[in-house]
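Here the structure is laid out as structure tokens; the discussion comes afterwards.
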Amino acid sequence: MTNIGISGAGGRMGRMLIQAVAEHPEANLVAAIERTGSSLLGVDAGELVNLPPMGIKLTDDLDQIIDQLDVLIDFSHPQATADNAKLCQKHGVNMVVGTTGLDDAQNAVLQDASKHIAMVYAGNYSTGVNLTLQLLKMAARAFGDDADVEIIEAHHKHKIDAPSGTAYMMAQAVADARGQDLNAVAVYGRSGQTGERTKGSIGIHAVRGGEIVGDHSVMFIADGEMVEIRHHARDRMTFAAGAVRAAVWVGTQQHGMYDMQDVLGIKG
């Protein structure tokens, strides 16, 4: 059994993660962490997701319970994730990170921690999305610069960062396959007199509204034809189940930075 803690346990994904851990035969929930000041502190994790009481109360003090963990799953906020990575590094606790919107300094903290602990860091933990990334690499290599690439992502109105982590993963997959530096070719939305489209650029656009779980579309637009690769998420439990799968997997790994394609065994 892998002893798991969840950071951001009171959020949408956090609640799904509690349920996913409860349903996984090789996972055991031992801690649920929420931000200081949350009204959910002290609530039983099971009751939070309409399950029988688990005897695990939501707490804001990871330091007090971290030695009970094999793996921390973190879907919280960028600075909290960076702080948690330092603590996990100190105590030798492996991590699964799904937080998006980290800045360069926060990403550097995670990279440094992965030199000492095993960490799975992915913008999306669904099997379908990670298979899609492989398809995008194939299409990008086949088309090269002969096709213009546009990425459109849509999420619910409550999402606080844009573009999504998954959109970045997709853009990075295309850029890597074409031998490009994503920072040099990415174009985020368009407005005003933009001029002609720059050859080799990758357009990335975000839509927010309603309760969209997560939709992503990547268009390869060539003269005379277009290929569109799409992924539609319909249930957040897909992401939660994937993250718990990653936690069980990373619990037995040596230090290093991994992604969900490593977990699925499709890295290539």
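Each residue takes its place number in the sequence, starting with 1. We use all heavy atoms of the structure for the numbers below, so side chains are in, but hydrogens, waters and symmetry mates are not.
I212 and I152 fall into different hydrophobic clusters, defined by Ile, Leu, Val, Met, Phe, Trp and Tyr side-chain heavy atoms under 4.5 Å apart, directly or through other members. By the criterion of side-chain heavy atoms lying less than 4.5 angstrom apart, applied directly or through intervening Ile, Leu, Val, Met, Phe, Trp or Tyr residues, M1 is not grouped with V244; the two fall into different hydrophobic clusters. L58 and L51 fall within a single hydrophobic cluster, where Ile, Leu, Val, Met, Phe, Trp and Tyr side chains are chained together by heavy-atom contacts under 4.5 Å. Under a hydrophobic-cluster definition in which Ile, Leu, Val, Met, Phe, Trp and Tyr are linked whenever side-chain heavy atoms come within less than 4.5 Å, directly or via other members, I6 and L48 are assigned to the same cluster.
Sorted by first and then second residue, the salt bridge (charged side-chain N to carboxylate O under 4.0 Å, His left out) pairs involving residues 201-221 (not counting sequence neighbours) are R12-E211, E153-R208, D215-R234. For residues 181-199, the set of pairs meeting the salt bridge (charged side-chain N to carboxylate O under 4.0 Å, His left out) definition, not counting sequence neighbours, comprises D148-R197, E150-R190, E150-R197. Listed by first and then second residue, the ring-ring contact (aromatic ring centres under 6.0 Å, His included) pairs involving residues 64-107 are F75-Y125 (not counting sequence neighbours). Counting only residues at least two apart or on different chains, the salt bridge (charged side-chain N to carboxylate O under 4.0 Å, His left out) pairs with a member in residues 157-173 are K159-D161. For residues 240-262, the set of pairs meeting the salt bridge (charged side-chain N to carboxylate O under 4.0 Å, His left out) definition, not counting sequence neighbours, comprises D259-K267, D262-K267. Counting only residues at least two apart or on different chains, the side-chain hydrogen bond (donor to acceptor under 3.5 Å, both in side chains) pairs with a member in residues 25-40 are N3-N28, T36-D60. Sorted pairs that involve residues 25-70 and meet ring-ring contact (aromatic ring centres under 6.0 Å, His included), not counting sequence neighbours, are lacking altogether.
With R15 contributing its side chain and G10 its backbone, the two residues share a donor-acceptor pair below 3.5 Å. Listed for the R178 side chain is no donor-acceptor partner under 3.5 Å among the backbone atoms of A140. In this structure, the side chain of T194 does not engage the main chain of S191 through any donor-acceptor pair within 3.5 Å. A donor-acceptor pair under 3.5 Å is formed between the side chain of T99 and the backbone N or O of S76.
Interatomic distance, CG of N94 versus CD1 of I73, reported as 12.0 Å (0.5 Å rounding). Put simply, CG on N130 and CG on L264 are 5.5 Å apart, with the number rounded to the nearest 0.5 Å. A distance of 8.5 Å separates CG of L131 from CD of Q261, quoted to the nearest 0.5 Å. Distance check: T81 OG1 to D74 CG gives 3.5 Å after rounding to the nearest 0.5 Å.
Nearest heavy atoms, A9 versus I18: O-CD1, 3.9 Å. Counting all heavy atoms, side chain and backbone alike, A246 lies closest to M260 at CB-SD, 4.1 Å. Considering every non-hydrogen atom in both A27 and V248, the closest pair reads CB-CG2, 4.3 Å. Minimum interatomic distance between A22 and M54 (heavy atoms only, all atoms of both residues): CB-CE, 3.8 Å. Nearest heavy atoms, Q106 versus P78: OE1-CB, 3.3 Å. Nearest heavy-atom pair across P163 and A206 is CA-CB, 4.4 Å.
Within the 4.5 Å cutoff, the side chain of L17 has heavy atoms near those of the M13 side chain. With contacts defined as side-chain heavy-atom distances shorter than 4.5 Å, the pair N50/E47 does not qualify. Within the 4.5 Å cutoff, side-chain heavy atoms of D44 are placed close to those of K57. Using a 4.5 Å heavy-atom cutoff, the side chains of V71 and V96 are in contact. The side-chain heavy atoms of W249 and V120, taken from C-beta on, include a pair separated by under 4.5 Å.
Hydrophobic cluster membership of L110, counting Ile, Leu, Val, Met, Phe, Trp and Tyr whose side-chain heavy atoms lie under 4.5 Å apart directly or via other members: V30, I33, L62, I65, I66, L69, L72, L87, V93, M95, V97, L102, I117, M119, Y121, M257. Here L182 sits in one hydrophobic cluster together with L133, L135, L136, M138, F143, V149, I151, Y168, M169, M170, V174, V185, Y188, I202, I204, V218, F220, V227, I229; the rule is ILVMFWY side chains under 4.5 Å apart, joined directly or through other members. Side-chain contacts under 4.5 Å among hydrophobic residues (ILVMFWY), followed directly or transitively, place M237 together with M16.
Between the side chains of S164 and H216, at least one donor N or O lies within less than 3.5 Å of an accepting N or O. Side-chain N/O atoms of Q79 and D83 include a donor and acceptor closer than 3.5 Å. For the residue pair D70 and T2, no side-chain donor N or O sits within less than 3.5 Å of a side-chain acceptor on the partner. Side-chain contact check for Q111 and N107: no donor-acceptor pair (N or O, by modelled atom type) lies under 3.5 Å. S126 and T238 share no donor-acceptor pair across their side chains, judged by distance under 3.5 Å alone.
Considering only residues two or more places apart in sequence or on other chains, A233 meets the side-chain contact (heavy atoms from CB on, under 4.5 Å) condition with V213, H231, F239. Residues forming a salt bridge (charged side-chain N to carboxylate O under 4.0 Å, His left out) with E228 (at least two apart in sequence, or on another chain): R230.
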